[in-house]
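One structure is given here, and the rest of the page talks about it.
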Amino acid sequence: MFQEYDVIIVGAGHAGCEAAASAANLGSRVLLLTMNMQTIAQMSCNPAMGGIAKGQIVREIDAMGGYSGIVTDLSMIQFRMLNRSKGPAMWSPRAQNDRMLFSLKWREKLEETSNLDFYQDVVVGLLITGGKCRGVITGLGHEIKSKSVVLTNGTFLNGVVHIGEKNFKGGRLAEKAVTGITEQLIAIGFEGDRLKTGTPPRIDGRSLDYCKMEEQPGDKEIVGFSYLNTEKPNSQRSCWITYTNKVVHDILKTGFDRSPMFSGRIGGVGPRYCPSIEDKINRFAERERHQLFIEPEGWNTVEIYVNGFSTSLPEKTQYEALRNIVGFERVKMFRPGYAIEYDFFPPTQLKYSLETKLIENLFFAGQINGTTGYEEAACQGLMAGINAHQKTRNLQPVILKRSEAYIGVLIDDLISKGTDEPYRMFTSRAEFRTLLRQDNADLRLTELSYRLGLASQERIDAVIKKKKSVEKIKSILNELPVEPNEINQWFEQIGSSLITEKQKAQKIMLRPDVELTEFAEAFLPMKEALNGFSKDAIEQASIQIKYEVYIEKEKELVQRMSLMEELEIPETFDYKKISSLGNEAREKLTKIKPRTLGQASRISGINPSDVQILMVYMGR
């Protein structure tokens with residue numbers, strides 16, 4: 001019934017879908033196994049993609065030839081570019097999506113992908129012989145063989161749903177948990193642990209009074225996520241903002257004694273940066289209110305997602321508290337919020353390719369590695385799919401550096417530092433964020449992906465054209481003279497210093513209050529010179545000119561740091577023999593087995609003196 005596959009993907013969430021697409025598009029024979037074909041790429045929590053740092057990840061996935069950016073564009077109901085008031089390194093795209101359309105578009109993209117088969121069944125075990133993974137065992141008793149396996153189990157591994165004092169097994173509400181895989185991996189020698197996440201109640205939008213809330217419309221210009229010319233919506237749906245209050249907090253507190261989080265029934269650690277409403281009230285007792293974002297679930301549904309009100313309190317407590325929020329006085333609840341506790345495997349047990357150190361040909365991606373968020377899962381899936389394909393072809397793994405992509409930062413953080421709480425990406429985690437902007441992900445990654453055979457000819461052609469356009473624009477600005485009488489009137493209007501002698505346009509662009517598009521509107525020769533260039537190329541040229549000094553400084557830092565990244569540590573290196581290393585350093589280095597001296601320096605608990613000792617022992 002089943003052929004032998006190159007790659008089997010277990011789970012069809014965001015990580016599984018990207019893994020299946022990347023491996024299949026590279027030429028592997030792929031089987032995507034899911035418990036339910038109707039929930040492929042389901043947005044289990046927030047119906048949104050992107051946000052601070054997460055938007056950069058989605059653009060990187062797209063630049064590599066993944067599908068998340070395209071699907072997001074095709075299903076968005078609202079788009080916003082966050083942090084526009086800050087520098088471009090902080091700009092982060094975010095989209096509100098139609099939940100059902102998102103899943104539908106993902107399935108369409110996967111069904112259009114050659115070499116990709118689907119099967120609906122649960123995986124209960126792995127075929128492992130001689131320290132190598134050779135396939136999976138399903139709940140229906142099938143043994144399906146493959147050259148590699150990627151586990152993307154999300155919250156389903158021994159998942160337990162909590163609502164007040166009620167708890168039951170489940171990977172999501174009304175969906176079965178998965179047993180067998182954790183138990184097998186632990187028996188082999190893997191280290192496992194538990195994490196927790198949660199979701200807010202879903203509300204009937206017809207029962208809300210939006211007149212009492214603050215409207216949050218989308219941007220007038222929809223930039224989108226994909227570097228391809230994807231279709232964008234002609235209109236957008238607004239979100240809304242309201243707040244909790246003291247009465248709401250007092251009602252919620254009445255349920256604390258029945259809270260699984262406070263009673264100790266939940267052992268897993270929850271996400272620090274997306275706490276439940278009861279956790280926020282408990283941790284920030286001095287605050288009289290907390291902001292809530294009222295987000296539509298799609299174009300043609302009244303269902304509402306209450307962002308900021310994640311909770312596992314009893315249903316009645318949830319409902320009574322909701323009724324006391326401004327605009328929610330007549331609220332009707334579709335379903336309560338809940339917490340879910342699940343197994344994960346500390347990611348220090350992985351190689352940079354996301355292959356496990358203990359079992360060859362077995363890859364982990366997504367929440368099984370301790371991350372939280374669709375975007376974090378999707379980028380791991382992309383890389384796991386690529387590297388599972390590479391493994392079946394006896395090719396070198398593809399590893400992105402911290403200086404190349406947020407994806408590289410995420411994977412390096414997981415493997416070098418590990419995590420004991422759900423990991424979420426932030427711009428602050430990336431030391432080279434001036435280089436890793438959302439506007440240049442295609443310039444950073446598409447050429448690499450094209451050489452692999454993943455990014456399309458259309459994508460590389462667009463990148464080549466963009467590079468040429470940017471250089472041409474910079475050359476024009478460097479040569480174009482600007483006379484005082486041609487520009488001083490505009491300077492007066494924007495409150496900028498007047499010039500007394502002729503200057504090049506490029507020098508004027510260095511002023512913080514001068515933007516290239518407005519400059520061109522005020523200065524006709526420039527407007528004419530830039531006619532015919534795309535808005536994307538004009539923006540890219542403007543950023544490169546304005547931030548050239550900072551970009552060059554960061555490149556110099558990357559170059560200095562790369563010297564340590566080039567110093568590879570042999571896998572057989574015996575840290576226990578180095579008596580001058582501290583006990584903690586020896587223990588962590590032996591456990592993690594860093595690939596390079598650079599990685600060793602980023603391991604928690606490794607001091608500069610430990611790095612110097614390693615350099616001596618490595619003959620440096």
Side-chain angles (χ1 to χ4, degrees), residues 55-56 58-66 69-70 73 79 81 84 87-93 219-232 404-405 433-451 454-482 487 503-512 514-552 554-555:
Q56 283 88 328
V58 178
R59 297 218 88 187
E60 289 177 353
I61 292 169
D62 184 77
M64 292 282 288
I70 296 171
D73 286 355
F79 178 84
M81 184 66 77
R84 273 286 192 185
M90 304 298 288
W91 297 353
S92 302
D219 291 351
K220 290 182 180 178
E221 180 193 7
I222 300 177
V223 177
F225 285 86
S226 181
Y227 289 97
L228 298 178
N229 188 24
T230 53
E231 184 181 349
K232 310 293 193 304
E404 290 178 317
R433 55 187 171 274
T434 305
L435 299 178
L436 309 183
R437 307 183 308 275
Q438 60 83 33
D439 58 85
N440 70 350
D442 55 341
L443 303 181
R444 290 186 275 120
L445 299 172
T446 298
E447 188 176 348
L448 164 67
S449 184
Y450 178 74
R451 292 198 303 268
L454 184 56
S456 64
Q457 186 66 45
E458 180 184 5
R459 286 186 180 277
I460 194 65
D461 288 346
V463 166
I464 292 169
K465 181 180 178 181
K466 182 176 177 179
K467 283 183 176 179
K468 289 181 178 178
S469 295
V470 169
E471 290 307 312
K472 181 62 176 174
I473 292 168
K474 288 164 69 176
S475 176
I476 289 170
L477 295 178
N478 190 43
E479 296 171 3
L480 186 63
V482 183
I487 201 65
Q503 291 185 6
K504 298 294 185 183
Q506 186 172 14
K507 184 177 180 180
I508 292 174
M509 275 298 302
L510 298 177
R511 296 185 176 207
V514 172
E515 294 299 330
L516 184 52
T517 49
E518 289 83 0
F519 188 8
E521 286 298 321
F523 184 47
L524 186 59
M526 181 185 291
K527 185 176 183 180
E528 292 174 347
L530 297 182
N531 186 35
F533 289 104
S534 70
K535 188 168 185 177
D536 190 25
I538 292 171
E539 180 182 79
Q540 183 64 214
S542 175
I543 291 170
Q544 289 188 18
I545 291 170
K546 275 186 170 296
Y547 296 91
E548 182 180 13
V549 174
Y550 304 100
I551 291 170
E552 289 305 315
E554 210 154 270
K555 284 180 178 177

Does some side-chain heavy atom of [Y] sit less than 4.5 Å from a side-chain heavy atom of [X]?
X	Y	value
Met509	Lys546	yes
Gln438	Ser92	no
Glu60	Arg444	yes
Leu530	Leu516	yes
Lys468	Ile464	yes

Crowding at NZ, Lys232 (>12 non-hydrogen neighbours, <6.0 Å): yes
Ser449 side-chain N/O to Leu445 backbone N/O, donor-acceptor pair under 3.5 Å: no
Backbone N/O of Gly69 and side chain of Tyr227: donor-acceptor pair under 3.5 Å: no
Aromatic ring pairing Phe523/Phe519, orientation class (parallel under 30°, perpendicular over 60°, tilted between): parallel
Ion pair check, Arg59 and Asp439, cut-off under 4.0 Å: no
Glu447 and Lys466 ion-paired at < 4.0 Å: no
Test item: side-chain donor near acceptor, Gln544 and Gln540, under 3.5 Å: yes
